[in-house]
Each structure stands twice: as C-alpha cells, then as structure tokens.
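Reviewing the structure listed below.
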Amino acid sequence: MKINRRHVIMGATAIAGGAFLSFGNFGQFSAPVPVMSKHEYKLLTEIVDMIIPATETAGAVSAGVPLYIEMMLNDWFQPHEREQFLAGLNDVGQRSPSADFLSASPDEQLAILRQLDNQDRDDYNFFHQLKKMTLDSYYTSEIGATEELRYAAIPGPYRGCILFKEVGRTWAT
Amino acid sequence: MGNLNSEFDAIVIGSGISGGWAAKELTEKGMKTLLIERGRPVEHGTDYIGENLDPWEMKFRDKVDPNLANSQHMIQKKCYAFMDSTKHFFVNDKDHPYSHEPDKPFDWIRGYHLGGRSLLWHRQTFRLSDLDFSANASDGYGVDWPIRYKDIKPWYDHVETFIGVSGSMEGISQLPDGIFLPPLEMNCVEKEFKAITEKTYTGRKVIIGRCAHLTEPQPIHLELGRGTCQSRDQCQRGCSFGAYFSSQSATLPAAERTGNLTTITHSIAHSLIYDDTTGKASGIKVIDANTKEHRIYSARVFFLCASTLGTTQILLNSASNDLPKGFANQSGTLGHYLMDHTMLAGANGRYLGHEDKYYLGRRPTGIYVPRFRNVTDKHPDFVRGYGFAGAARREGWKEMANKKGFGAEYKNSIRLPGPWTINLAGFGEMLPDYNNHVRLHKTKRDKWGIPLLHISCSYGNNDIKMKQDMADTAAEMLTAAGLVDVKPYFHKMAPGLAIHEMGTARMGHDPSTSVLNSHNQCHDVKNVFITDGAAMTSSACQNPSLTYMALTARAMDFAVQEIKQGNL
C-alpha cells in the first residue's frame, strides 16, 4: 500500500477511506510539516519497511510509522538531533558502492542494514535509533498493538499464572 | 481585605489523602466542616481526561511533549507517573517555585487540585509496627514517638475497612496484618521466587504487595459507587471504576453525603491567625488563586493536611509578633527533621524457565519483601532497614528494540514474549536529622506573595550505607534463587523523588522538642492539628500514606471528643 504523506497534510476530512483509516487516529493530530526531501522520505519508508515488513499482518508503513517519525523529527527532536538523524539517513542512502540505497539490490540493502545493526551499541548508531523509533511507533499503533500483538484496554480481574497459549501473543502494553 | 466571617466547626486545609479523611471523619461526626483546596476542582470520572486513551490516540504515545515538560514541568517530569495522560495532575513548576541549597537538590513532586496526590499515589498500603514506633527510642536518632502500635491499630483497622486493601495475612511482626480483601495473585515466577527465598533465608518473606485496590468490593465500597479493579494499571490517569482509593472515589463523596461539608477550591491557605487572648488560632487567611483577593475563615478547630511541606510552609508563614518563630514553634523544631525514603537501588536478573507461562492484565501492585535487616539481628553498617518492592515479568517489544535483527523473522519473534526477569527495588528508611530542614526564603515570593519554601536536605551516611546493602542484597537474593545475568544497580537521586517526604512538624512527648502531641495536636496551640506527613517522627521504610490516614482518623476522633467536652 502506498502512503502519500501529502494526503495527511490535507487533513482527515479531505480524504476518505482506505489508506487513511489504517493510521488509526493519527489524523486527529496536526499533520507533520515535511522536514525531509521526497527522496529522504522514500528512503526512510524503505528502511522502516525492511525493519517491520508486512507479513500476514500489516507492517510499519501501513501502520503510519514513516509519518510518525517525520512528526517526531518536527515536534520532538531538537535541531541538532534532527540533523544527526538526517545525516544518518543519508549515510545509509549512500553506503552502496554501486547505487543509491533505493536502487540497490535487495541483498545489498540487507547487507548494509545488517552491518549497521551489528555495530557496537555504545556509540550513536542511526540504524539502532531508527529501529527503536520504528518499534515504538509500530507497537503503539492500533495495527501493531491489536492486530500484530495482543492489547487489552480493560483486562478485567488479574490472572497471574496462566498458559501463554491462552493469550497467544505478546502483550502490547 | 474581605472577611466572610464564615463560621464552621472545623476547617480542613488540603483535600488529598489526609484532608479527605479529615473531612470524612469530621462531617460524619456532625461537624460543619469547610474544606479548603488550593487548586482546581476535579470531578470523579468527568475530569479524568487521560482515562481510556489508547496509545495511538496520543500524539507522542503517552510521552509528554518535551517542549512542555522542559519549560513547565522541569521537576515533575522526573516522576515515573508523569505522562501525557496524567500530566494535568502535576503542578506547573514555573507557577509553583521553591528553592534549595545549591548543592542539595530536592525534587518536590506535587499535585495542586482537589484530591491532591491521592489521585497519583502508588497505593501501596503497609502498616508500621512497634519496631518502627520504638525505633527512635531504641537507637537514639530523633525523639520517641508518643504512640505505639496498640494506639493506632484500631485506626488502621478503621481506615483499611473503608478504603479497601487487598493483601494476604502473613503473621509478620514487623509488618502487621490488617483488614484485607482477597490478595492479588503472584505470577508463576514470583511464586517460585517466594518458595526458594523463604527456604533459603530464615526471616525473609516474599508477599504480594498490599494495595488500596478493590478485589472484592464490600457494601461500604459499593454504596459509594466503587467497583472491582480491572487491571489497567493506569491508575494515575484517574479511575472511573473507583477501584483504587482516592479522595474522589471515597472520602469526599462520603463527606458530601452527610450534608456537613463545604468545599472551596482555588483557595490558597496563606497563614493561620493567632489570638493571644485565647492562645488559639482564630482564623485562616486564604488567597483566591485567581483574583488574589484575601479572605479569612474562622472555626473552632483547624486541621492542616496540606502535605508535609505545604503544611509547614503555612505554619512558618504564620509567624507574628506573638509567635516570632512561626506558629506552634516554641520548640524550634518546626521545619526540621525532613525525611524521605531512599530508593533506586536493587538488582535485576533473568529467570530461566516457565516459558509457556504468562499473565493476563496489568497488576497494579508488585511483590514485597518486608524488612529483614535489624529486626532480630544487628547489621554492622547501619541502623533501621528497608523493604524490597519488585515484580517478575516477561520482556516484550521494548526490550527487543535493543536486540539484533530486523525483518519478517524479527517481527515474528516479537510475537512471543521474551524471557522472564525479576526486579527487586529497595525502599529504605531515612534517619531524622535536624540539619535536614525547610525554611521560608528571605526574599523570594510566589505570585500570590507567599514566601517560597527553601529546602536544605540530603541523605546521610546511614542512609547511603543502607542503600548500598539494598543493591548487594538484592543481587545476592536473585542469584540464590537461580537467576542469571544478575545486575545490581545503585542510582544517585535527590531526596523528594521517593515522594514520601515526611517530618518537619513531628509528634513527640515533649513540647520543647516536638511540635505535636500524641493526638497530632499542636503542643502550643491546642485547636490546631496536623495529620499529614509532617507529623511523622521517623520515616520507617513502609509506604506511609496508610499511616497518615490512620493518624488523621485517630486525631479527628480525639478532637471531636475534646470539642464535645468543651475543651476546644
């Protein structure tokens, strides 16, 4: 499913249906002002899609993760944090010796991300940061919490010691 | 200055956990009572604006906008319960400043609204025992408590019956049993940890946390519209079920139904007025938070329940020519012996096994290891003791973010919960120390013209040595129970953040060394009572709110008797 962030900027009333509803209630918040170029946003979307892809459940892109991250860059990050993030993103974009990340082969893309993922956790690592943001966003989205994992807004009386198969998946909260 | 000359039998300052109890007890005993709250009204249910929000309904998924947190809530943001869904129950630090010694930070966590921090509390409900009430007398730190367990026991019973406490009967002398609703269940790993620990260590018990949650509401709860806990563990957002105890869910509606309660909000208590012909307080000066208009309310008896530091600020600000040292301060101890608990030391580790087990619901309490240090033995490094609060849980997606991997296989692996872990976190007693004190700032005032509170408080040697033992001992106990990757931790913290600030108007036998007598009555001014945390003579290591409530109910009973006998 292709997500067009410009649709979100136009507001919830302008677009009805499909792609929009899959964001859950994301549209109720002020839409993010783009801080990324179209190319950067595509790159972000591609990497996020590789971190949590669609399987038999929707993945990070359908859950609105790229939009969420763009909102975070706008409204949460300090300017220097935003610069660091975008520099890290563009670094991934240029890591393939032969091509831009987006036009690199799937194997090459995987190799680039694996190499970053395997790096030491002590230093700043763009990929580790993005992975954490992707998980934060995905598993707190309606799709991630209720379709991919298990979510109970009002669980009812507590049961402390039950078989995992009674729940079936990890609790989202 | 406007003077409404409203006549009441009693005036209660503050509507939090102590003030709500004062209002309930007084009105139920037929006293026409005025309840004065400095903040805004908060209606049960209606004003719990964060309740029932799903994570995806919140812009930052329940984290607080850093621009707001960093500009308005510089101190409050340090509290574990400060979230997007709860932030309206924490003060704006810019509007409510205080100062502290430059090298002695103090984190003062506050909620200025009807119900106060009774909406925000962690609801852990433990009795003090004679080990605690006799502690000062036996090791010489602080003055002796003027009461013993037998004096307060009926009032613990009275309070627990009304608030509803879930817990288990254990027969532990240093943590007396109470009137309990059915306990919440331990999970599979906690049950095993309990069995191994109690076998390994004589005198150590692992029990389920006693907490003010209704697991089986009784008629006394149901008639106030309270219901069963639904395991949301989002209590600090407010609970429309009334399943945990707060002023809103229980004491305020109980007081209101008597017809004897008048509540005013947006009304900041400025100072008590002393009448030197009678030797009593004759009124309380109140500032309207919005208009800044001054008013005076009078009554026969005054009950200060404005929180430990709030109450002491009012008393210090009530100094006059007749009372140059502050109100009820002949002893010179008012403002001194400030205590909190120590925390942020303990250990965690990974438990191997029970991978087919899980739990349903978010239990609003944990496990508890009651104090075992200096109970029968004597520790070489420190006096007093600590308890461990803790829990076993299975890791989830948050921990997975720090593990290697991405893609479909990684996503699928997160569908299964991670390993079980156990955390044990110590809560330690802090010794009373004259040097730990609050006073009024000489020049700075808030926007209502009230002198700021200046705090000078730090942990002492005994507190820090005990805290080190929390980390070492937690690690030892987890290792003994067979856990792996056991990691002790010891984080520095400023006092205040345990949100158990106590003392500064302590109880004691002797008017020359304490502010309050055995009935929470000011030695110097008999128609003024203090029943919040300020009254505490020592801190013990248990979560203190239950004791404030019991002391309050006990003091109200005494005060009303005194009124009826014409002594007040």
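Being a predicted model, the structure only gives us computed values, none of them experimental. Every chain is numbered from 1 and lettered A, B, ... according to where its sequence line falls, protein lines coming before strand lines.
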query: Side chains of B:Ser231 and A:Arg159: does their closest heavy-atom pair fall under 4.5 Å?
result: no
query: At what distance, to the nearest 0.5 angstrom, does NZ of B:Lys403 lie from CG of A:Asp117?
result: 13.5 Å
- prompt: Which distance, rounded to the nearest 0.5 Å, do you find between the CD1 of A:Ile154 and the CZ of B:Arg362?
  reply: 9.5 Å
field: Residues in residues 122-136 of chain A near chain B [non-hydrogen atoms, under 4.5 Å]
entry: A:Phe127, A:Lys131, A:Lys132, A:Leu135, A:Asp136
field: Closest heavy-atom pair and its distance - B:Pro55, A:Tyr151
entry: CD-OH, 3.4 Å
field: Top contributor to chain A contacts, counting heavy-atom pairs under 4.5 Å, from B:Gly418, B:Pro364, B:Pro66
entry: B:Pro66
message: Quick check: closest heavy atoms across A:Pro155 and B:Arg232, and the distance to 0.1 Å?
response: CD-CG, 3.9 Å
- line: In terms of heavy-atom pairs under 4.5 Å with chain A, the winner among B:Asn402, B:Asn67, B:Thr228 is B:Asn402
- prompt: For the atom pair CD1 (A:Ile143) and CH2 (B:Trp56), what is the distance rounded to the nearest 0.5 Å?
  reply: 10.5 Å
- request: Ignoring hydrogens and angles, tell me if any N or O in the side chain of A:Trp171 forms a donor-acceptor pair with the backbone of B:Arg394 under 3.5 Å.
  value: no
- request: Nearest 0.5 Å please: distance from the CE atom of A:Met71 over to the NZ atom of B:Lys59.
  value: 5.5 Å
- request: Could you tell me which residues in residues 49-58 of chain A have at least one non-hydrogen atom under 4.5 Å from a non-hydrogen atom of chain B, sorted by residue number?
  value: A:Met50, A:Ile51, A:Ile52, A:Pro53, A:Ala54, A:Thr55, A:Glu56, A:Thr57, A:Ala58
- prompt: At a heavy-atom separation under 4.5 Å, does A:Arg150 approach chain B through its side chain, its backbone, both, or neither?
  reply: neither
task: With sequence neighbours left out, write down each residue that passes ring-ring contact (aromatic ring centres under 6.0 Å, His included) with A:Phe164, or none if nothing qualifies.
output: B:Tyr358
- request: Step by step, work out the side-chain contact (heavy atoms from CB on, under 4.5 Å) result for B:Lys404 and A:Asn118.
  value: CA-CA 7 Å; B:Lys404 281 199 173 70; A:Asn118 289 333; 3.1 Å; yes
message: Are more than 12 heavy atoms, taken from residues, nucleotides or ligands other than A:Lys42, located less than 6.0 Å from that residue's NZ atom?
response: no
- request: Please name the pair of heavy atoms, one in A:Leu110 and one in B:Phe406, separated by the smallest distance, quoted to 0.1 Å.
  value: CD2-CE1, 3.6 Å
Proximity breakdown for B:Leu184 and chain A, heavy-atom pairs closer than 4.5 Å: side chain
- prompt: SG of A:Cys161 to CD of B:Glu190: how many Å apart, nearest 0.5 Å?
  reply: 9.5 Å
task: Can you measure from CG (A:Leu163) to NZ (B:Lys357) and round to the nearest 0.5 angstrom?
output: 6.5 Å
message: Give the interface residues of residues 76-84 of chain A toward chain B, defined by a heavy-atom separation under 4.5 Å.
response: A:Trp76, A:Gln78
task: Between chain A and each of B:Cys229, B:Gly405, B:Gly396, B:Ala243, count heavy-atom pairs under 4.5 Å; write down the option with the most.
output: B:Gly405
message: Would A:Thr140 and B:Trp397 count as a side-chain contact (heavy atoms from CB on, under 4.5 Å) here? Give the steps.
response: CA-CA 10 Å; A:Thr140 57; B:Trp397 60 264; 3.9 Å; yes
